[in-house]
Amino acid sequence: GSLLAVPFWIGTVQADTFEASISLLFAEYIVAECWFGPALASLYKGVPKEYQGTAQGLFTVLTAVGNVMPLVIGNLQSGDSSSLPSVLAWTVSGAYVLSGLGFLAASAYLPEPEPKAATEADV
């Protein structure tokens, strides 16, 4: 999802009209935010029950780190508003690529699914 969001995000910030931008932003949200459910499911599956509350809290704190990005982006902007689309395209797309690579690396540690037992209906 993170990697699929990159072209939609670049289209969002480079679009010529508001309508095109908001349409691309909608598509970007649909594909970019599909990581949240599987990430939480993996977190709960991999952490013992007595530590799940702590793990959820740490997960929430780490996702809140993104709240400092407006400050970072503001400092990267060269002073004129014309550079904002370019700064947004690079920073957000870069974050999506990094998170996509992180998800790919984490997927190597997922256990293999257990084979389903055959039932009479399958025969």
Shared hydrophobic cluster, Leu3 / Trp90 (ILVMFWY, side-chain heavy atoms < 4.5 Å): no
Distance in Å, Ser93 OG paired with Leu88 CG, rounded so as to fall on 0.5 Å steps: 9.5 Å
Should Tyr51 and Val61 be regarded as members of a common hydrophobic cluster, given that ILVMFWY residues are connected when their side-chain heavy atoms come within less than 4.5 Å of each other, either directly or indirectly? no
Quick check for you: to the nearest 0.5 Å, what is the distance between Leu40 atom CG and Lys45 atom NZ? 14.5 Å
Any heavy-atom pair between the side chains of Tyr44 and Gln56 that's under 4.5 Å? yes
Taking all non-hydrogen atoms of both residues, which atom of Ala89 and which atom of Gln14 are closest, and how far apart? CB-NE2, 4.3 Å
Contacts under 3.5 angstrom, residues 21-31 side chains, donor-acceptor by atom type, not counting sequence neighbours:
unit_1 : atom_1 : unit_2 : atom_2 : d
Ser21  : OG     : Thr12  : O      : 2.8
Ser23  : OG     : Glu19  : O      : 2.8
Glu28  : OE2    : Tyr96  : OH     : 2.1

List, by chain and then residue number, the residues other than Leu58 in its hydrophobic cluster (Ile/Leu/Val/Met/Phe/Trp/Tyr, side-chain heavy atoms under 4.5 Å); write none if there are no others. none
Looking only at heavy atoms, which two atoms of Leu4 and Phe8 are closest? And how far apart? O-CD1, 3.3 Å
